[in-house]
Protein chains: 2
Amino acid sequence: MLDGVSLDHLRTFIAAVDEGSFSAAARKLNRVQSAVSGWVSGLEDQFGVVLFDRSGRFPKLTPEGVLLLADARGIVSGVDTMKARAKLMASGLETELSVVVDVFFPTAVVSAAAKAFASRFPLTPLRLFVEGLGAAYQPVLDGRCSLGILATLPVAFPSLVSERLGEVPLVAVASSSHPLTRFNHRIPRHELAKHLQLVLTDRSDLMAGRDFGVVSPSTWRLADLSTKHAFLKDSIGWGGMPLHMVEKDIASGSLVVLDVDDMPPSGFMLTMSAYHQASEPPGPAGRWLIDHLKDSWVHPSDLKREQ
Amino acid sequence: MLDGVSLDHLRTFIAAVDEGSFSAAARKLNRVQSAVSGWVSGLEDQFGVVLFDRSGRFPKLTPEGVLLLADARGIVSGVDTMKARAKLMASGLETELSVVVDVFFPTAVVSAAAKAFASRFPLTPLRLFVEGLGAAYQPVLDGRCSLGILATLPVAFPSLVSERLGEVPLVAVASSSHPLTRFNHRIPRHELAKHLQLVLTDRSDLMAGRDFGVVSPSTWRLADLSTKHAFLKDSIGWGGMPLHMVEKDIASGSLVVLDVDDMPPSGFMLTMSAYHQASEPPGPAGRWLIDHLKDSWVHPSDLKREQ
DNA sequence: GTCCTTCCATCTGCAAAACAGATGGTTTGC
DNA sequence: GCAAACCATCTGTTTTGCAGATGGAAGGAC
């Protein structure tokens, strides 16, 4: 014994209190009464504190015992959660799940999934990162995140495996006061090129020098999507946005969808997929999260209220 | 043995990690190496989890081991607290001061007070716990702490006596890149409701099902305040924070105060009070601490530098 | 490359512990 | 006043954990 106090002391102590008598505690613990008696007095010796008043028929907790009982319960419950955590680990559950999500992915879906995740896997912390474009791939590639909810880029990543989740509609928008909105029919490409385009920059080097959907020679490059959103509403330029982020503005009229010539009328679709290293497939928690995202995203009706 | 895992398992585990090798742990624990080896592998058997990677010269913690180590440390320190408490009880003199402080209370004030306390009462050990919301009341209610520096909750605790210390200003903040910060005038409630709100969860059952200041239907619940802080800075959502924790970020511009419609411009004030059991008024040391907190908090100018 | 140290796992006998069961004293309810 | 249930203490037996020894592997020194 490394130390006078052991968990058996505490467990016996708690059982004695809960069962109301040493004998009952012994029955519960599958021991004989003398054993319980011994453990309890051993604990009292260790502490130098009398835990029970034994004058009556049933032992009664002393005031000191009440306080120490609270400590004991805390300790034992700590051990129990530790064991529960270990059991989950043994079954292959991830110790924590690090996920990077592309900014284009609907926040409402992520937040609902995170909430559901927290109640489904209360012992597995979820670490969420939000990044854009190529920068969102980086954590998956270098192993900081075991899972990425990412937009499919026209680049191959041989070390990654992906699983399609669905599409995010992209639309070209401009403020209602922007000159481009005067076109109520299809806007030709060369017309777009005359106006300032707001483009999301890629913070990573993965996509260095490659642009997607850049039409206009005059561009402003913004590092984050909500800034771009703000600039669009301020009529600084036009640009593409995921539909779910601008739906409200379109409904309220502050932003207008541009009907661009070589875009399908429904807008361009950005495929979102779950990515992970081929060498490290997701465990149960990651698997669950992917499936949950898939399911909750095809029926997103009840999430409309939220952002 | 009532249960597979014992405190000796945990203590050996911790020693092995801290000392860096089983042999060193054995020396520290005054045991032979084979004993440590046996205990560690016993613990691994119990958990069904491999705690150390033994392929190298020195055993190396596995990722699972890291997480379980945190549990183990918590448990063992709980036992130490319990023993310290028992020792004080046995000696009869109740010279120790156990205080629980709400996370919302300014850290700088607490640490300054603790420093002053140590030089004023060098022989009185001070035991500080930090908890949040309802969970911070629990130790005062069950007597484990004789004093609580707590936020006033809209719930009555008839067994407690309180004494007002002052107010902590709460402000609603969001990252500078968050869409809400574009409002430079008062933000209506319904606008806040459109965005993800970060909410501190209450670990205790005291406030079960009751929320304070929750405005948005979409929330993320975080178990600790520094995580919430990090998430706010990552622009994951908006939320309320005590002013003292975000002052630096506001000054540097990384966080922005949201001017919420039904909040006074100075922000909402959270009243902090010193609580103790009505039946057990604080002794001289507790009394001094309360008074010191009161005094040092109304003149907090010289604490600004500290966090 | 080879030696030498230091590490870990495993095995063995031995000592200490924790166990079940028995006994006796005490309280409580009938 | 008696039976039942409680607790403390004692005793022999079983189990557990201990130290010490042995062997294999890793890594630094030369």
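So you know, we letter chains A, B, ... as the sequences are listed, proteins then strands, and number each from 1. Keep in mind that this is a model prediction, so the values were computed, not measured.
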Novice: Do you know which two heavy atoms are closest between B:Asp142 and B:Gln277, and how far apart they sit?
Specialist: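 Nearest heavy atoms, B:Asp142 then B:Gln277: N-NE2, 4.4 Å.
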Novice: Between B:Arg85 and A:Glu64, does the salt bridge (charged side-chain N to carboxylate O under 4.0 Å, His left out) criterion hold? Intermediate values first, please.
Specialist: CA-CA 9 Å; B:Arg85 194 194 308 286; A:Glu64 291 83 8; over 6 Å; no
Novice: One pair to check against salt bridge (charged side-chain N to carboxylate O under 4.0 Å, His left out): A:Asp3 and B:Lys83. What are the steps and the verdict?
Specialist: CA-CA 11 Å; A:Asp3 184 81; B:Lys83 287 200 301 189; 2.6 Å; yes
Novice: Could you state the CG-P distance from A:Leu43 to C:dA18, rounded to the nearest angstrom?
Specialist: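 After rounding, the reported distance stands at 13 Å.
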Novice: Rounded off to whole Å, could you give me the CZ-to-P distance for the B:Arg31 and C:dA9 pair?
Specialist: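 From B:Arg31 CZ to C:dA9 P: 18 Å.
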Novice: Pair A:Glu19, A:Arg11 - check salt bridge (charged side-chain N to carboxylate O under 4.0 Å, His left out), show working.
Specialist: CA-CA 12 Å; A:Glu19 301 298 312; A:Arg11 278 191 233 271; over 6 Å; no
Novice: Looking at C:dA9, I'd like to know if its phosphate oxygens (OP1 or OP2) sit under 4.0 Å from a side-chain N or O belonging to B:Ser37.
Specialist: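 So the side-chain polar atoms of B:Ser37 do come within 4.0 Å of the phosphate oxygens OP1 or OP2 of C:dA9, strictly under.
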Novice: For B:Lys60 and D:dA26, what is the distance between atoms NZ and C1' respectively, to the nearest whole Å?
Specialist: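 Atom NZ in B:Lys60 sits about 17 Å away from atom C1' in D:dA26.
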Novice: Would you kindly give the NE2-to-P distance between B:His9 and D:dT16, to the nearest whole Å?
Specialist: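 To the nearest whole Å, that distance equals 12 Å.
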Novice: To the nearest 10°, give me the bend of the helix from C:dG1-D:dC30 to C:dC30-D:dG1, comparing the axes of its five terminal pairs at either end.
Specialist: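 Answer for the end axes of this duplex: 40°.
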Novice: What is the distance from CG of B:Asp45 to P of D:dT16, rounded to the nearest Å?
Specialist: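 Interatomic distance, CG of B:Asp45 to P of D:dT16: 14 Å.
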Novice: Check the distance between C:dT26's P and A:Phe22's CZ and give it to me in whole angstrom.
Specialist: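 Whole-Å distance recorded here is 18 Å.
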Novice: What's touching nucleotides 21-24 of chain C from the protein side, N or O pairs under 3.5 Å?
Specialist:
residue	atom	partner	partner atom	Å
C:dG21	O6	A:Ser34	OG	2.9

Novice: Does one side chain, of B:Ser6 or B:Asp8, offer a donor that lies under 3.5 Å from an acceptor on the other?
Specialist: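 B:Ser6 vs B:Asp8: no donor-acceptor pair found between side chains.
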Novice: Check the angle between the aromatic planes of B:Phe157 and B:Tyr137 and answer parallel, tilted or perpendicular using the 30° and 60° thresholds.
Specialist: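 Rings of B:Phe157 and B:Tyr137: parallel, under 30°.
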Novice: Regarding A:Asn30, tell me which of base, sugar-phosphate or nothing describes its non-hydrogen contacts under 4.0 Å with the strands shown.
Specialist: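 Touches sugar-phosphate only.
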Novice: Can you check the A:Phe52 CZ to C:dT27 P distance for me, whole Å?
Specialist: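 The distance from CZ of A:Phe52 to P of C:dT27 comes to 19 Å, rounded to the nearest Å.
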Novice: Measure the acute angle between the ring planes of A:Phe121 and A:Phe117, then classify it against the limits of 30° and 60° as parallel, tilted or perpendicular.
Specialist: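 Rings of A:Phe121 and A:Phe117: tilted, 30 to 60°.
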Novice: Counting only heavy atoms not in A:Glu280, do more than 12 sit closer than 6.0 Å to its CD atom?
Specialist: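 Incorrect, the count does not exceed 12.
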Novice: On DNA chain C, check which nucleotide each of B:Arg27 and A:Phe58 is closest to and give me the residue with the more 5' one.
Specialist: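 The residue mapped nearer the 5' terminus is B:Arg27.
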Novice: Counting only side-chain N and O atoms of A:Ser23, is one of them less than 4.0 Å from OP1 or OP2 of D:dA5?
Specialist: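 For D:dA5, OP1/OP2 do not have a side-chain N/O of A:Ser23 under 4.0 Å.
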Novice: What is the distance from CG of A:Asp53 to P of C:dT27, rounded to the nearest Å?
Specialist: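 Rounded to whole Å, this separation is 12 Å.
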Novice: More 5' along DNA chain C: A:Asp8 or A:Arg54, using each one's nearest nucleotide?
Specialist: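 Comparing both residues, the 5'-ward one is A:Asp8.
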Novice: Choosing from C:dT6, D:dC7, D:dA4, which nucleotide comes nearest the side chain of A:Arg57?
Specialist: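 For A:Arg57, the side-chain atoms sit closest to D:dA4.
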Novice: Kindly determine whether A:Asp80 and A:Lys87 satisfy salt bridge (charged side-chain N to carboxylate O under 4.0 Å, His left out), including the steps that lead there.
Specialist: CA-CA 10 Å; A:Asp80 290 341; A:Lys87 199 169 180 180; over 6 Å; no
